[in-house]
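Have a look at the structure below, then the notes.
When a ligand or atom number is given, it counts from 1 through the structure's own listing order.
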Amino acid sequence: MPAGFQGELSREANTSIDGSWAGSIPAQYGVAPRVRVGARKWFNLLWLIPIGFVLLVVGIAVARGIRELPGVQAFIAQYPGTSSLPGDAPVGFPAWVGWQHFLNLFFMIFIIRSGWQILADHPRLYWTRHSGPGRNWFRMQIPVPADPLYTAKQDSITLPAGVGLPGRRHTIGLARWWHLGVDTLWLLNGLVFYVLLFSTGQWLRLVPLHWDVIPNSISVALQYLSLDWPVETGWTNYNGLQLIAYFITVFIAAPLALITGLGMSPALSTKFRWISSVFSIQVARSLHFLVMCWFALFIIIHVTLVLATGALNNLNHMYASQNTESWAGFWIFAASMVVVVVGWVAATPLTYRYPRMVQRVGYALIGPAQRLFEHIDSKPGQYTEKDISPYFWHNGKYPESPEYQRLRDGNFANYRLRVSGLVENPVELDLDQLRKLPHHEQITQHFCIQGWSGVAQWGGVSMQTIVDLVKPNPDVKWVIFYSFADGSDGGIYYDAQPIEQMSYHLTMLAYDMNNETLTYGHGAPLRLRNEVQLGFKMVKWIKGIEFVKDFSEIGGAEGGYNNDHEFFGYRQSI
Ligand SMILES: Nc1nc2c(c(=O)[nH]1)N[C@H]1C(S)=C(S)[C@@H](COP(=O)(O)O)O[C@H]1N2
Ligand SMILES: [Mo]
């Protein structure tokens, strides 16, 4: 049994979620979503509701008026709404379309709700990787307070009950298991859809094949707006507007959701440098949000029109694979809605009651991809000094122990980093000794699980140097980093890192940041950097390092404080 800091750990791992969640973090509701116009004016998006209503009324009046014009009537007669289809295009909807349509909508509910929860953990969007105050173009939170030690965790907000998944403030860990787990199912469903679409010829009905789709869709828009609706031919041939909307949804929005999602992975961004330099995590995140807006808008308009333009017939198409006016499709649709509502209502209480189960299922689905990306060992050099962010968020719980306070008061002259465990040569190093070891420097980007980012220059010692110094036994699999600071539920903060990653080019202990001594807020005197992982794995205020076989005896046995207590996972390359 390696000697270490285990007595200072909380031995607990949360198994349910209640009022004591995340250090009894109180609810905090933020502000209604707003978008920046110009340099400092903010537009409250709730205004879109009345504005949209007025625009709709005006649009209807205008459309009704101009439909009287002979030129417009001639235009509509020439372009009634549909382009002609090739003779061999299939007619009607096979049953698989109905199944896929249902699964798609069922999965989307959990994906969108958990996506909102993830956004609520850092309720701001940016177009630049320097996600500092004043740089956001969208926010659901007040401007960043002046307090220099304000943390991103303090900035997180609560969503109204039933909206976010799971719902409570700062439940991003579990929201991510929902989001990433159901995403894999949604992508699989989408893959099957693509394969069937192209192997059955159904794609002919979903891809615009003639330019006349443009005048046709203008004509259809006019017809819808004037409330004198186009003839429904959905069973055989979508009208121009349907065609464009479905095409964008299936062939542009869905792939973009995947690509922008991957664009937020720390591991991938160190590998695909060119693309991540141009399209930073924040561009990916903003676009990911806009894709969600497209889906939400599409769902609202699609459902409205399905129900308003011959509901029974439309529901028969999708739910009963028949082109009739019977009630068959309606009843299947109604039953499917019961499933949707039960799923919607049950998801939150289920998550609070069985969070580890939600995590296990989520990890079973997305874990293979996360483990795959962890093999990416990138070299330094992606960023230069001019890329350093002027503002770097603080996060986590600051150290309060008298032990730390004494060391800090003495300018860390009495600080000793204790490196122990299953090693040939355990060492204790003071800061002078650390500074005498071969110097390692890197300029890298930080990816917090909450979604903010920043570039900084880190100076210190490569972890490889420490490994060479202490010579771990061959059976060491994990390296535990212990902090002077407690976590939010008590017991010191710690994290387990895979031994392989200790030899990566971008894994280091930093004592300098941006050419100055590491500050208190950012982890003085020593913190970890491991750039294939999300920020929560990078322990600040390190007091000791221990090499072990496994982490089943350590803390709550989940491989890190944030996994013991907040379900963040123990390997997070995405
Ligand atoms: N000891 C300790 N280390 C910690 C945390 C913490 O709460 N306690 N938070 C982590 C999280 S979530 C992030 S994003 C980074 C933030 O580092 P920064 O404050 O330098 O930006 O530190 C990580 N290291
Ligand atoms: Mo974080």
Original post:
Would you call the rings of Phe568 and His170 parallel, tilted or perpendicular if under 30° counts as parallel and over 60° as perpendicular?
Top reply: perpendicular
Contacts under 3.5 angstrom, residues 361-372 side chains, donor-acceptor by atom type, not counting sequence neighbours:
residue: Tyr363; atom: OH; partner: Arg371; partner atom: NH1; Å: 3.0
residue: Gln370; atom: NE2; partner: Gln572; partner atom: OE1; Å: 2.9

Original post:
For Tyr352, is the NZ or CZ atom of Arg168 found under 6.0 angstrom from the centre of its six-membered ring and inside 45 degrees of the ring axis?
Top reply: yes
Subject >> Inter- and intrachain pairs under side-chain hydrogen bond (donor to acceptor under 3.5 Å, both in side chains), touching residues 516-526, at least two apart >> reply: His394-His522
**OP:** Quick one: which residue pairs count as a salt bridge (Lys or Arg N to Asp or Glu O under 4.0 Å) with a foot in residues 123-147, not counting sequence neighbours?
**Re:** Arg124-Asp155
Original post:
Is it true that Arg356 and Glu558 have a side-chain N and a carboxylate O under 4.0 angstrom from each other?
Top reply: yes
Identify all pairs of nitrogen or oxygen atoms, one from ligand 1 and one from the protein, separated by less than 3.5 Å, and list them with distances.
residue: ligand 1; atom: 1 (N); partner: Ser483; partner atom: OG; Å: 2.9
residue: ligand 1; atom: 1 (N); partner: Lys540; partner atom: O; Å: 3.4
residue: ligand 1; atom: 3 (N); partner: Lys540; partner atom: N; Å: 3.0
residue: ligand 1; atom: 7 (O); partner: Lys397; partner atom: N; Å: 3.2
residue: ligand 1; atom: 17 (O); partner: Arg527; partner atom: NH2; Å: 3.2
residue: ligand 1; atom: 19 (O); partner: Asn395; partner atom: N; Å: 2.9
residue: ligand 1; atom: 19 (O); partner: Lys540; partner atom: NZ; Å: 2.4
residue: ligand 1; atom: 20 (O); partner: His522; partner atom: ND1; Å: 2.7
residue: ligand 1; atom: 20 (O); partner: Arg527; partner atom: NH1; Å: 2.6
residue: ligand 1; atom: 21 (O); partner: Trp393; partner atom: O; Å: 2.6
residue: ligand 1; atom: 24 (N); partner: Met538; partner atom: O; Å: 2.8

